[in-house]
Amino acid sequence: MAVFIQSSLWDSVLEMTKVAQEKGNDPLLWAIQLSSYLSSSGVSLPSTELANLLVSHICWDNNVPIAWKFLERALMLKIVPPMLVLALLSTRVIPSRCSRSGAFRLYMELLKRYAFSLKSYIAVPNYPKTMKLINTVLHLSQIFGLQASEPGILVVEFIFSIVWQLLDASLDDERLLELLPEKKSRWETKHQEMEVDVHGSYADKRMDHQNRLQNMNTRMAIELIGLFLRNKVTSRILYLARLNMPTHWQDFVQQIRLLGENSSILRNSTVMTPDALLQLTSGTHKIFSLECKTSSSQMFHAIMSSGSLASFAGLCHGASHSALWLPLDLVLEDTMDGYQVSATSAVESITGLMKALQAINGTTWHGSFLGLWMAALRLVQRERDPIEGPVPRLDARLCMLLSITTLVVADLIDEEESAPTDEMECNAETYSTELVHGKRREDLVSSLQCLVDYHSLLTPPQSVISAANQAAAKATLFISGIDAGNGYFQCISMKDMPVNCSGNLHHLIVESCIARNLLDTSAYFWPGYVNGSINRIPHSVPAQAPGWSSLMKGASLSPLMINVLVSAPATSLAELQKIFEIAVKGSEDERIAAAKILCGASLIHGWNIQEHTAYFITRLLSPPVPANYSGSDSHLIDYAPMLNAILVGIASVDCVQIFSLHGLVPQLAASLMPICEVFGSCVPCVSWTSTPGEEVSAHCVFSNAFALLLKLWRFNHPPLEHGVGHVPPVGSQLTPEYLLSVRNSHLVSCKNNHKDPNKRRLAAVASSSSPKPIFVDSFPKLKVWYRQHLAFIASTLSGLVPGTPVHRIVDSLLNMMFSKINKGSQSLISVTSGSSSSSGAGSEDTSLRPKLPAWDILEAVPFVVDAALTACAHGKLSPRELCTGLKELADLLPASLATIVSYLSAEVTRGVWKPVFMNGTDWPSPAANLSNVEEHIKKILAATGVDVLSLLAGGSSPATLPLPLAAFVSLTITYKLDKASQRFLNLAGPALEYLAAGCPWPCMPIVASLWTQKAKRWSDSLVFSASRTVFSHNNDAVVQLLKSCFTATLGLNTTSISSNGGIGALLGHGYGSHFCGGISPVAPGILYLRVYRSIRDIMFLREEIVSLLIQSVRDIVCSGPPRERLEKLKKAKNGMRYGHVSLATSMTRVKLAALLGASLVWLSGGLGLVQSVINETLPSWFISVHRSEQVEYSGGLVAMLGGYALAYFALLCGVFAWGIDSTSSASKRRPKILGDLMEFLASALDGKISLGCDPTTWRAYVSGLVSLMVGCTPTWVLDVDIEVLKRLSKGLRQWNEEELALGLLGVGGVATMGAAAEMIIENES
């Protein structure tokens, strides 16, 4: 019955309309009468049914002017929903626009009038119903693929569809649709044929008139497209489509470009030009301006919109453009800590950091690349004259500059240039033969050209002057048109060149880029790159000169040739492949020679091919099984001499650091484990002859491999490591299991055909060594030792049962170690571990060493050392005899030093051994230079603003050390400082320092004093190491050091090392005796980077760094203008500048403080500390009450800038930890942490949480943090719950932060797109 009544109603409406149309009634009167009739009939207005009826009435039986006027008056009186009318008309009018040009014209006029005033349309009750009908009419969900049915989302799709229909219609009118790949429109816009029942000349005139109308309509359609893209409301709605429908937007933009490049009508338009139309859809067109109404936010966003930190770096007192890259300098310097290796490639971590800093700083890639090169150059110059000691020297820093940095740039360029290929997979053939050069490559070229102006940074260290000169000479010969082979430069002196060929680091950087196809040889023609050209080559290369060129021509590996190839780096990948083939397929002597060549200059100084050299060395440590091999033992035994040559060749601190920087530590560990397993199971009588006449035993190969393996994980750290909440202790992940899991993950990357170039490289290395995953269970001997190592660290030694093989081995080793002491039948040494007890029967023949496999010896070593130490404690063994016996054990099996170190370290931490007097009689005495060492420590600390008088007060008490530590240091100083011993001292040294640092003061100065007597040339390094241990004993010293870092960076303390501030003041120029009279001052940043890992409880750093950040803000404001000028400053234009001091200057220094604080948090505690700061420290700080000391003075400026400082600090902490996108593994933790942070903000804005901080600070923090997220890390917003985003947006709107609220919803993805669109419409003026 109701359906019948409704049908009768609309029949009446239609009849009423027809009658009015026939009589020619006034359309306005008709509309008023119709509105009254429908209202009295209970129809809700605007009526969707009426809209459908009127459009159907017009199309096409009543396509007459009065019918269109009826429709227009219905729209004007709001009795029909305009968006539905426009949707219905678009499906009928656009396909018929050729035959019904007038209707199309009227449709576009209605668009002009009603498509840009959307505010009233969404306020009506039937708005959701209307949008659902529009979705049905236009098939929006099907076309755009969005299943969400929120009205706001449908509004975005509706506007996008209307514009796109106009675009397709315009393309079709000019026959341009055929140029699209699909050659058709996704909308019903194609012309529909019509029958013209006219003939003769009238038909021709009618056709001409029709063509003119069509051209006018096309012009109007194009102008309408521009209007949609320019209008404040619709342009923002279309921007939402761009953000959330990227594939469709890309197609849309492609068609806009097609129209702009080919449309004759557009070219002749006086309203819209092709360039203007293209600009409206470009990525640089600004949509969300983040304009804010509140005064404090206006000042903040005025600075933000002027180019972020980059624009104002020069205004900071002493802080130049380089201050933008402070985190990069800190990270690069941190990687030079020789006591640390990383399972992650430096290329990966620096690439992620570069992306983050580029987004935060708002710089171009030109500026970003320039900042990267300068940071790497500063790293080299900081230690151009390094002090001697067991730490990485210049080689690791040059690796960072000339290899790692170049690979970072290469990966960033590859990321951009590979994107078109990925998107155009269907047209793969088009892209297979040509390189797509992107903007980043152009920015690299311009950055390198600018780099030449920084002369002081480009000065080469003494050790690389020759290489720099050769690079300059190579360019000179090239531009002179002279073809000289690489071997030429190995045979001449630069003095032979007729022009000055002095090179610098710029030449080496360019050569590194050319080698990796980032540049071509046109770089040689850059202005000022070379000093001129020459007419002829000075002299020719001797025909038989040994070198890489002659090797490639077939020359054999003679002794002279080997020496040349060891000392000169390879220049190409082909040369490395040649040597690798010799190492795999050559004779035994050739294998050894090839191994030495690869581990020589090609690894250390072959920066252009360094990653390939390291890959080949790693592969050689896992040589393939020969095709004809049939032995029962491992095939590795046949490669023993070659393997040993490699192990010796890469054992130095710098070499290990190079492998670490290239991310090869996991693969290196996986290659070393089989070697240890195999050779540790061989009896020592198995030996091989190595050239020249040197004998290599199984013990030798095992010890070298085992010592290198242990350097790759933190086995030598005492068990009391610092932890962060529920996160594992920092750095303790570097266990054998973890390293193998990382290596196995590289194999997964290989199978997944990973897009990341660095992961592809690592995957290739892993799969070439072994295509299958590797687990610790594959190495049972290593696993047993590792479990034993963990066991006696965790608890006292036990488990030695009399009569067992281990017990017999212990007896045998004790007899060997103390055979000269045990006289006759009475033994001085007894094994008293646990419940067991035995005596060693003396042996007069010290030459009879046990012929035991290495693993058997290592299993017995803890019990042996325990027995010896116990005997010494009870007076049965003198200290000298103890150390002699331990050295005898280490000489038997050098690898046993590792287990000795582990046992002694564990015993010291237990604190059960009495201290011994280092009196020079029983134990070595430090008295000769202990006071000198302590004095130098005081000077180092004082220079960095650290004063701990109570700790360094000293006194006349005799020097003592715990017995295990005394034994440890006494053992180490018995070693010679030759290359063979240094391989093992490099293993023991860090353990000795960590152990001494954990003991009461002044244990470490005593150890340093003893070692400076042993190695005077290492004095500076040892004293600096001793000074670091102060901070493990005194948290107040850490706080003072942190404060010095802030004051130095910001230039707030004129009494410090440098009052200029910036990176130079923070990191200085390294450390060493560069000045007459002792050690030069150490910059506070350098000292902190070398001490933070020894801080046992890093949790206290959270509050301290936040407190120092807020204090720095106060100091910045207080160092600004006097009080009487502050009011003028606030009233100055945009608050931007007044005299020599400005809000921009203060804001820049505040950002720099936040940048430093976030960097220190991230470096000190990694993900765990960042999480704790964001989710615990900052919320607690805002809830707590703070006394503002400078409120009266600053007029609230401290409160406002403090809020912005904390906003930058929080965002930067997250950026450093998680990255700006979701590509890193760490980013998987972001949603939970960020979600908690956003929930706290929303709850506080909702009034659910009471805050104790200044309201100005809170407001500045929230608005600043949201602004930064929207502008710099929009990907993060996608991780936040939709309802939380809406609550945040609501709170911001209550603060009149309309644009910020909109920006937040705008980047929140499809889920918030509808809310963002409705907010855009509601804000319509």
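What you see is a predicted model, and the numbers here were worked out from it, not measured in a lab.
Salt bridge status for Glu174 with Arg219: absent, with no side-chain N to carboxylate O gap under 4.0 Å. Ion pair Arg1287/Asp1281 not flagged as a salt bridge, since none of the NZ, NE, NH1 or NH2 atoms sits closer than 4.0 Å to an Asp/Glu carboxylate oxygen. With respect to Arg236 and Glu1299, a salt bridge is recorded, a charged nitrogen being found less than 4.0 Å from a carboxylate O. Salt bridge Asp173/Arg97: present, at least one basic N to carboxylate O contact under 4.0 Å.
A donor-acceptor pair under 3.5 Å is absent between the side-chain atoms of Ser36 and the main chain of Ile32, judged by distance alone. Using a distance-only test at 3.5 Å, with no hydrogens or angles considered, a donor-acceptor pair links the side chain of Asn217 to the main chain of Ser101. Between the side chain of Thr273 and the main chain of Ala276, a donor-acceptor pair closer than 3.5 Å is present. Put simply, the side chain of Ser269 gets close to the backbone of Val271: a donor and an acceptor are under 3.5 Å apart. The backbone N or O of Trp1276 sits nowhere less than 3.5 Å from a side-chain atom of Thr1273 that would complete a donor-acceptor pair. A side-chain donor-acceptor contact under 3.5 Å links Asn231 to the backbone of Val233. Between the side chain of Ser56 and the backbone N or O of Leu53, no donor-acceptor pair lies under 3.5 Å. No side-chain donor-acceptor contact under 3.5 Å links Asn62 to the backbone of Ala67. Arg100 places no side-chain N or O within 3.5 Å of a backbone atom of Trp60 that could act as its donor or acceptor partner. Asn268 places a side-chain N or O within donor-acceptor distance of the main-chain N or O of Ser264, the cut-off being under 3.5 Å.
When all heavy atoms are compared, the tightest approach of Ala115 to Thr234 is O-CG2, 4.0 Å. When all heavy atoms of Val80 and Pro46 are compared, the closest pair comes out as C-CB, 3.5 Å. Contact between Ser1263 and Ser1267 at its shortest, heavy atoms only, is O-OG, 2.7 Å. Gln165 and Leu138 get closest at one heavy-atom pair: NE2-CD2, 4.0 Å. Here the shortest heavy-atom pairing between Ala31 and Leu77 reads CB-CD1, 3.5 Å. Taking all atoms of both residues into account, the shortest heavy-atom contact from Gly24 to Ile66 is CA-CD1, 3.7 Å.
Relative ring orientation between Phe252 and Trp164 is described as perpendicular, the plane-to-plane angle rising above 60° on a 0-90° scale split at 30° and 60°. Relative orientation of the His248 and Phe144 rings is perpendicular, given thresholds of 30° and 60° on the angle between their planes.
Residues Asn244 and Trp249 have side chains that never bring a donor and an acceptor to within less than 3.5 angstrom of each other. Using modelled atom types, one finds a donor on one side chain and an acceptor on the other under 3.5 Å when comparing Asn135 with Ser141. For the 3.5 Å distance criterion, the side chains of Thr218 and Gln214 fail to qualify, holding no donor opposite an acceptor.
At a threshold of 4.5 Å between non-hydrogen side-chain atoms, the residues Leu277 and Leu229 count as touching. The shortest distance between side-chain heavy atoms of Leu154 and Ile134 does not fall below 4.5 Å. With contacts defined as side-chain heavy-atom distances shorter than 4.5 Å, the pair Leu1265/Met1238 qualifies. The side-chain heavy atoms of Met216 and Met220, taken from C-beta on, include no pair separated by under 4.5 Å. Side-chain atoms of Ile159 and Leu118, non-hydrogen and from C-beta on, do get closer than 4.5 Å to each other. Contact check for Glu72 versus Tyr114: side-chain heavy atoms found under the 4.5 Å cut-off. Side-chain contact check for Tyr37 versus Leu9: some heavy-atom pair is nearer than 4.5 Å. Ile1282 places none of its side-chain heavy atoms less than 4.5 Å from the side chain of Leu1285.
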- [ ] Go through the steps for Trp1258 and Leu1241 under the test side-chain contact (heavy atoms from CB on, under 4.5 Å), then give the verdict.
- [x] CA-CA 10 Å; Trp1258 171 248; Leu1241 299 185; 3.5 Å; yes

- [ ] Kindly indicate, with the supporting measurements, whether the criterion side-chain contact (heavy atoms from CB on, under 4.5 Å) is fulfilled by Ile1321 and Ile237.
- [x] CA-CA 9 Å; Ile1321 296 169; Ile237 290 175; 4.0 Å; yes

TODO: Start with the C-alpha gap between Leu1292 and Val1262, add the side-chain angles, then the distance that decides, and say whether side-chain contact (heavy atoms from CB on, under 4.5 Å) holds.
DONE: CA-CA 9 Å; Leu1292 290 169; Val1262 175; 4.2 Å; yes

Open item on the list: Please determine whether side-chain contact (heavy atoms from CB on, under 4.5 Å) holds for the pair Glu1239 and Val1280, giving the CA-CA distance in whole Å, both sets of side-chain angles, and the decisive distance to 0.1 Å.
Closed with: CA-CA 9 Å; Glu1239 175 61 37; Val1280 183; over 6 Å; no

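The distance from atom OH of Tyr121 to atom CZ of Phe158, rounded to the nearest 0.5 Å, is 9.0 Å. Rounding to the nearest 0.5 Å gives a distance of 12.5 Å between CD1 of Ile79 and OG of Ser44. Of the inter-residue distances, the one linking Leu266 atom CG with Met272 atom CE reads 8.0 Å to the nearest 0.5 angstrom. Distance check, rounded to the nearest 0.5 Å: CD of Gln1294 to CG of Leu1245 gives 8.0 Å. With rounding to the nearest 0.5 Å, the separation of CE in Met245 from CD1 in Ile153 is 9.0 Å. A distance of 8.0 Å separates CD1 of Ile256 from CG of Leu171, quoted to the nearest 0.5 Å.
Applying the side-chain contact (heavy atoms from CB on, under 4.5 Å) test between Leu89 and each of Ile58, Leu84, Leu71, Leu106 identifies Leu71 as the sole match. Partner Met131 forms a side-chain contact (heavy atoms from CB on, under 4.5 Å) with one of Thr136, Asn126, Val155 and no other, that one being Val155. Across Glu261, Arg267, Arg257, a single residue satisfies side-chain contact (heavy atoms from CB on, under 4.5 Å) together with Pro274, and that is Arg267.
Contacts of Arg1293 classified as salt bridge (Lys or Arg N to Asp or Glu O under 4.0 Å), with partners at least two apart in sequence or in another chain: Glu1298, Glu1322.
With a 6.0 Å radius and a threshold of 12 heavy atoms from other residues, nucleotides or ligands, Lys69 has its NZ atom at or below the threshold.
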